[in-house]
Amino acid sequence: MSVSTVRTRFAPSPTGMLHIGGARTALFNWLFARHHRGKFILRIEDTDAARNTQEATDIITRGLSWLGLHWDEGPEVGGSYGPYYQSQRSGIYEAYLTKLLQNGSAYHDQDGTVRFRIPRESITVYDIICGHPTFDLKEEPDITLRRKDGSFIFHFVNVVDDIEMKITHVIRGEDHLSNTPKHIALYRALGATPPAYAHIPLILNPTGSKMSKRDQGASLADYMAQGYLPEAITNYLCLLGWSPGENREIFDLDLAVERFDLQHVNHSNARFDIDKLYWINGEKMRALTPERLLRFALPILQDAGLVSENTPRERVLGALQLVREKIKLGRDLPSWCSYLLKDDFAFDPEARAKHLDNPESRKLLASLHESYSKLDDWNASALEQTLKTLAEQLGVKVGALVHPCRVALTGRTIGPSLYHLLEYLGKEESLRRFKRVLDD
RNA sequence: GACCCUAUCGUCUAGUGGUUAGGACACCGCCCUUUCACGGCGGCGGCACGGGUUCGAAUCCCGUUAGGGUCGCCA
């Protein structure tokens, strides 16, 4: 039990995207902080002012918010150790640099840059995940701290900010492990105690190398756009290198917070498996409460022009309930809901040719139309009973009635439970759609 | 090239000296079923290799191999 409060941070550079690997780093930092009832800090590493815009920062904050990873200190929320943008902290860096210059740990080189005098010794990193690798810095070139134009380099500002912001645990990608001994040397030169380190394994692309910005699926925004659920993303990301035990694969953030533990984070890199994420998304989709389902789907259906301000929410929710268990992604919603929310849907030519454009099918459909016209009790089980009875009377298989019926109602061969579909559309609309086909 | 990390089914993982090596995704069958899904049942498939240590190694040690990462006035 540590006396001091755990403080972790996610320190992304605003590059214009929130990388999926960055999202997982943020997630693990967040989980660790929450598990220990500590603080999770968001710090924007925008030292390269020219390239960084407000928009690029917004992409990060929007992404984290969407995932449900709220920060205790940082942009938008403030905090006692701000500012939380490196571009606004030059004064602090200058002061620390002066200190290094004065105690002889740093020097100006011929080009006008300031460099750190790397101690010619071995430094051991005590890492919660990777053990304690020792690095020999004998051959290591002195690192640059400040460019000749006055701007600072990552290694330096990163360390200074972690000291200033009282970060207790640095949880970051394993690609930083080799940099860590230099950071520790910097801490020592500054008279500060290094934090605890935990280098988490990398997320690899399906080919097996570090997932880069250019890789398909590297940007969180893509998943948001395709209609993945944030809880599916966080669930999947947790599974990449960590497991809650008991063979549990589907769980929420609360459970992860309760059980998260850096000691049990894997040592080896993991490949990103979109199929599994896809599966998890389906699981989460089916588990959504009606309210969440509606909130999630409404903007998608509105964008697709299927729902307007005036569409009764009951009607939308009914359609969603009908199709939600058939699909896995939000982006599939419009196509599956189209014939439920409007009647001018397109007919799949193949479906039409096979199930409607022949005398036999039309005859059967006409019979069904007649039977259903006489049905007053318009509910799924009565509809089913009626159809089955008719099939028996006509001496045909149930499918012979079902398929033309489905195509007449939806224009395609696959879709939700037919009887529930009929119930949802209502008698008047269902008969109208039959008639439309029969009169054609 | 040097240094560092890693190594269980195709993929993600459980496993911390004694298990018929468990689960999940994917894949393949069968069942359920009006379609598509869901669900159920079954199958395929793994401890990289070689040495040790031990009565006994997936588990510990060494080596080999393989993969990844880092060696910037990028972060």
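Chain letters run A, B, ... following the sequence lines, proteins first and then strands; every chain starts at 1.
Across A26(B), A75(B), C5(B), the shortest atom-to-atom separation from the side chain of Pro133(A) is found for C5(B). Across U13(B), C3(B), C36(B), the shortest atom-to-atom separation from the side chain of Ala270(A) is found for U13(B). Side-chain atoms of Arg147(A) lie closest to A75(B) of the nucleotides G39(B), A75(B), C3(B). Between U35(B), A75(B), G39(B), one nucleotide has an atom nearer to the side chain of Glu283(A) than all others, and that is G39(B). If you check U35(B), A75(B), G39(B) against the side chain of Glu45(A), the one that comes closest is A75(B). Closest approach to the Lys276(A) side chain among G23(B), A75(B), C5(B) is made by G23(B) (side chain taken as heavy atoms from C-beta onward). Proximity note for Phe135(A) (side chain, C-beta onward) versus C4(B), C73(B), U16(B): the nearest is C4(B). When each of U35(B), U70(B), A26(B) is scored by its nearest atom to the side-chain atoms of Ile414(A), the top-ranked nucleotide is U35(B). Each of U16(B), U6(B), C73(B) was ranked by its minimum atom distance to the side chain of His267(A); first place goes to U6(B). Out of U34(B), C36(B), A24(B), the shortest distance to the side chain of Glu249(A) is found at A24(B).
What separates CZ of Arg172(A) from C1' of U70(B) is a distance of 12 Å, to the nearest Å. Taking atom NZ of residue Lys148(A) and atom P of nucleotide C73(B), one finds them 11 Å apart after rounding to whole Å. Rounded to an integer number of Å, the gap from Gln86(A) CD to C74(B) C1' is 13 Å. Atom OH of Tyr236(A) is separated from atom C1' of C25(B) by 9 Å (rounded to the nearest Å). For the pair Leu333(A) CG and A37(B) P, the computed distance is 17 Å after rounding to whole Å. Taking atom CG on Asn158(A) and atom P on G72(B), their separation rounds to 17 Å, with Å as the unit. Distance Lys328(A) NZ to A26(B) C1': 11 Å, rounded to the nearest Å. As a whole-Å value, the separation of Ile200(A) CD1 from C4(B) P is 22 Å.
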Please tabulate, one pair per line, each protein N/O and nucleotide N/O from nucleotides 65-68 of chain B that are separated by under 3.5 Å, including the distance.
residue, atom, partner, partner atom, Å
G68(B), O2', Asn269(A), ND2, 2.8

Could you list the protein-to-nucleotides 19-22 of chain B atom pairs, N/O on both sides, closer than 3.5 Å?
residue, atom, partner, partner atom, Å
G22(B), N2, Asn247(A), OD1, 3.0

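Counting distance only, with no hydrogens placed and no angle test, the side-chain atoms of Ser417(A) and the base atoms of U34(B) include a donor-acceptor pair under 3.5 Å. Between the side chain of Asn266(A) and the base of C12(B), no donor-acceptor pair of N or O atoms lies under 3.5 Å.
When the C1' atom is compared between C9(B) and G45(B), the two are found 5 Å apart, to the nearest whole Å.
Here His199(A) lies out of heavy-atom contact (under 4.0 Å) with every strand. As judged by a 4.0 angstrom heavy-atom cut-off over every strand, Gly241(A) is placed among residues touching the sugar-phosphate backbone only. Using a 4.0 Å heavy-atom distance criterion, Ser178(A) is classed as a base contact. Using a 4.0 Å heavy-atom cutoff across all strands shown, Asp175(A) reaches sugar-phosphate atoms only and no base atom. Using a 4.0 Å heavy-atom cutoff across all strands shown, Tyr419(A) reaches at least one base atom of the nucleic acid. Using a 4.0 Å heavy-atom cutoff across all strands shown, Lys397(A) reaches no nucleic acid atom at all. Residue Leu240(A) is in sugar-phosphate contact alone, with no base atom involved, counting any heavy-atom pair closer than 4.0 Å across all strands shown. Within 4.0 Å (heavy atoms only), Lys388(A) reaches sugar-phosphate atoms of the nucleic acid but no base atom. Looking at heavy-atom distances under 4.0 Å, Glu140(A) makes contact with sugar-phosphate atoms alone, never a base. Nucleic acid contact class of Ser243(A) (heavy atoms, under 4.0 Å, all strands): sugar-phosphate only. When heavy atoms are screened at a 4.0 angstrom cut-off, Gln263(A) is found touching no nucleic acid atom at all. Residue-level contact check: Arg146(A) touches neither bases nor backbone, having no heavy atom under 4.0 Å from any strand.
Neither side chain, Glu45(A) nor Tyr85(A), offers a donor N or O lying under 3.5 Å from an acceptor on the other.
What you find for Leu320(A) and Cys337(A) is that their closest heavy atoms are CD2-SG, 4.3 Å. Smallest separation of non-hydrogen atoms from Phe135(A) and Ser178(A): CE2-CA, 4.1 Å.
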Show the numbers, then the answer: is there a ring-ring contact (aromatic ring centres under 6.0 Å, His included) between His183(A) and Phe116(A)?
CA-CA 11 Å; His183(A) 293 184; Phe116(A) 176 53; over 10 Å; no
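Each of Leu64(A), Leu27(A), Ile41(A), Ile171(A) was checked for a side-chain contact (heavy atoms from CB on, under 4.5 Å) with Phe10(A), and the lone residue meeting it is Leu64(A).
For C71(B), the paired nucleotide is G1(B), the pair qualifying as Watson-Crick or G-U wobble because both relevant distances are below 3.5 Å. Taking a pair to require two hydrogen-bonding distances under 3.5 Å in either a Watson-Crick or a G-U wobble arrangement, G10(B) pairs with C25(B).
Judged purely by atom type and a 3.5 angstrom limit, Asp215(A) uses its side chain to pair as donor or acceptor with the backbone of Ser212(A). Within the 3.5 Å criterion, the main-chain N or O of Ser335(A) finds a donor-acceptor partner in the side chain of Ser338(A). Remark: side-chain polar atoms of Arg120(A) are paired, donor with acceptor, to backbone N or O of Ile118(A) under 3.5 angstrom. Side-chain N or O atoms of Lys342(A) include none that pairs as donor or acceptor with a backbone N or O of Leu306(A) at under 3.5 Å.
Annotation: cation-pi geometry not satisfied between Arg432(A) and Phe434(A) (NZ/CZ under 6.0 angstrom from ring centroid, within 45° of ring axis). The side-chain tip of Arg352(A) points at the ring of Phe347(A) from less than 6.0 angstrom away and within 45° of straight on.
A sub-4.0 Å separation between OP1 or OP2 of A75(B) and a side-chain N or O of Thr47(A) is present.
Heavy-atom distances to RNA chain B give each of Arg24(A) and Leu277(A) a nearest nucleotide, and the one nearer the 5′ end belongs to Arg24(A). With RNA chain B read from its 5' end, the first of the two nearest nucleotides for Pro201(A) and Leu418(A) is the one closest to Pro201(A).
Side-chain rings of Phe28(A) and Trp242(A) stay apart, their centers remaining 6.0 Å or farther from each other.
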